[in-house]
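Computed over heavy atoms, backbone and side chain alike; hydrogens, waters and symmetry mates excluded. Since the model is a prediction, treat every value here as computed from it, not as a measurement. Naming: A, B, ... by sequence-line order, numbering from 1 per chain.
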2 protein chains.
Amino acid sequence: MRRADRLMQLVQFLRDGTLHRASDLAAATQVSLRTIYRDMETLAASGVPIEGERGIGYRVTAAITLPPLNLTMTEMEALHLGLHAVGQSTDAELSAAARALSSKLDAVMPEDRSRAPSGYGFAIYPFADAARGFQHLPSLRQAVRTRQKLELTLQDETRTVRPLQIDYWGRLWTCVVWCERKAGFDEIRVDQITRMRILPSLFVDEKGKSLRDFNALRQGS
Amino acid sequence: MRRADRLMQLVQFLRDGTLHRASDLAAATQVSLRTIYRDMETLAASGVPIEGERGIGYRVTAAITLPPLNLTMTEMEALHLGLHAVGQSTDAELSAAARALSSKLDAVMPEDRSRAPSGYGFAIYPFADAARGFQHLPSLRQAVRTRQKLELTLQDETRTVRPLQIDYWGRLWTCVVWCERKAGFDEIRVDQITRMRILPSLFVDEKGKSLRDFNALRQGS
DNA sequence: TGGCAACTGACAAGTTTTTGTCACTAAATT
DNA sequence: AATTTAGTGACAAAAACTTGTCAGTTGCCA
């Protein structure tokens, strides 16, 4: 893996922010000039903010490059929430940066239309609404973990459900439940929950009512 | 770039959340069992959240993977500030997530000398192809949301398509589309799009042309 | 204008990676 | 105990990638 090593080395050289001529880089890495040009192309295409000016040399423009990150849904939510908070800050520069970063994140969030309840993408949805349901999340999570039934009220309608799985799409939380009254699965938007009560009764997986069954259904349809 | 293509294909298969045996994947990709195991190792090392269980099969654990991001210093500061704020939250799980994310970020910050070489994508293989397509993502995403047809050029071939779903598989972005000319589904690599134009005409789900139909086909085959 | 240094395309030679095969081991479920 | 399926190590052949060379072009600056 000699090439990858050299690419990393080149980034190290360029990180100091000063100008570098391709010929210098070639000498430093013991490689031909042509290869340096090819490397620069690869790096630029890989997202490293490199700029080459004819008759001048190379320099890196932006400061920090983050490698690919794997986030849990909760971490993603923390990220959005935190940036939203900073976006409200009085420091104009800082709040602008927070909003800019939020946009960047929105732009690269995986979007899966087949799973989202059709009609509302997270971009359309005002953050405030999502935040309203946010208060219920901790106890909802607990109920999913401890497998306790819930009594919850959505739009003046109260029902008893078995909470199975919490999902997060960018800005919206939903919960997959088995509804006792309708005797069927449902996907509930957490922000639409107006009241919620954890019931003392526990539940166990029953044939046709488990998360596995829900996933099977979702696949099949 | 045959291997990269296969890796992408594999993530597509695994993305449906169901179990997959290595032997099935091998048959589907026309490749030996041993190669599948090697591919799984590569994908896991590349950050795709894959889990294999002995006697069971493979599945992806739902998580969000962010592509490499370039941040300014101010944006980085906003990020840290926001996460710090959320870290103070009363929701134990959320504040834990914020702190975990802070650690992750610290681990990949330039100041940290102990950067893992594998943290950079090009240490494994260049993901230049993936990065090249990033520029089209925001408008592509918009088109998926607003259900607008697209005219796009791939390798000197221009076609009109209905964008249905955007997928990110760790290194490459793809878009599932219905191609008007071929009258069939296609999975387009965003990095191979050379030109793209959002057309004013909207589209609606039609029998045989919807995302649901595409998924049914993928299951069946 | 001349000099500098970034760029580009093509191609053969060299090097590395990828692959299949084979012979195993390791958990988990039945 | 038998079965199923993931996972490992080694090695040679095949495929893919990387590199240097060469012969250019382009843009900026003095």
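Residues A:S23 and A:L33 form a side-chain contact, since some pair of their non-hydrogen atoms from C-beta on lies under 4.5 Å apart.
For B:S32, counting side-chain heavy atoms from C-beta on, the closest listed nucleotide (C:dG20, D:dA6, D:dG20) is C:dG20. Candidate nucleotides C:dT19, C:dA6, D:dA6 were compared by shortest atom distance to the side chain of B:D39, and C:dT19 ranks first. You'll find that the side chain of A:T35 is closest to D:dG20, out of D:dG20, D:dA6, C:dG20. Among D:dA6, D:dT21, C:dT19, the nucleotide with an atom closest to any side-chain atom of A:R34 is D:dT21. You'll find that the side chain of A:R21 is closest to C:dA6, out of D:dT21, C:dA6, C:dT29. Distance from the side chain of B:R3 is smallest to C:dT19 among C:dT21, C:dT8, C:dT19.
Between A:M40 atom CE and C:dT8 atom P there is a gap of 13 Å when expressed in whole angstrom units. The nearest whole Å value for the distance from the CZ atom in B:R6 to the C1' atom in C:dT19 is 8 Å. In this structure, A:Y58 atom OH and C:dC4 atom C1' are separated by 14 Å, rounded to whole Å. Computed from coordinates, the A:Y37 OH to C:dA5 P distance equals 9 Å when rounded to whole Å. A straight line from CG of A:L19 to C1' of C:dC4 spans 14 Å, rounded to a whole angstrom. Rounded to whole Å, atom P of C:dC7 lies 12 Å from atom CG of A:L25. In this entry the distance linking CD of B:E41 with P of C:dT19 reads 13 Å, nearest Å. Rounded to whole Å, the distance from CD on B:E53 to C1' on C:dT29 is 12 Å.
Taking the nucleotide of DNA chain D with the nearest heavy atom to each of A:L33 and A:R54, the more 5' of the two is matched to A:L33.
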>> Using the rule given for salt bridge (Lys or Arg N to Asp or Glu O under 4.0 Å), can you reason through B:R159 versus B:E151, listing the C-alpha separation, both sets of side-chain angles and the distance that settles it, and then say yes or no?
In response: CA-CA 6 Å; B:R159 42 214 284 210; B:E151 182 189 80; over 6 Å; no

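Side-chain contact of B:D213 with B:S210: a donor-acceptor pair under 3.5 Å is present, judged by distance alone.
Not one N or O on the side chain of B:T158 forms a donor-acceptor pair closer than 3.5 Å with the backbone of B:L154. Listed for the B:T35 side chain is no donor-acceptor partner under 3.5 Å among the backbone atoms of B:V31.
Judged by atom type and distance alone, B:R38 reaches the base of C:dG20 through a side-chain donor-acceptor pair under 3.5 Å.
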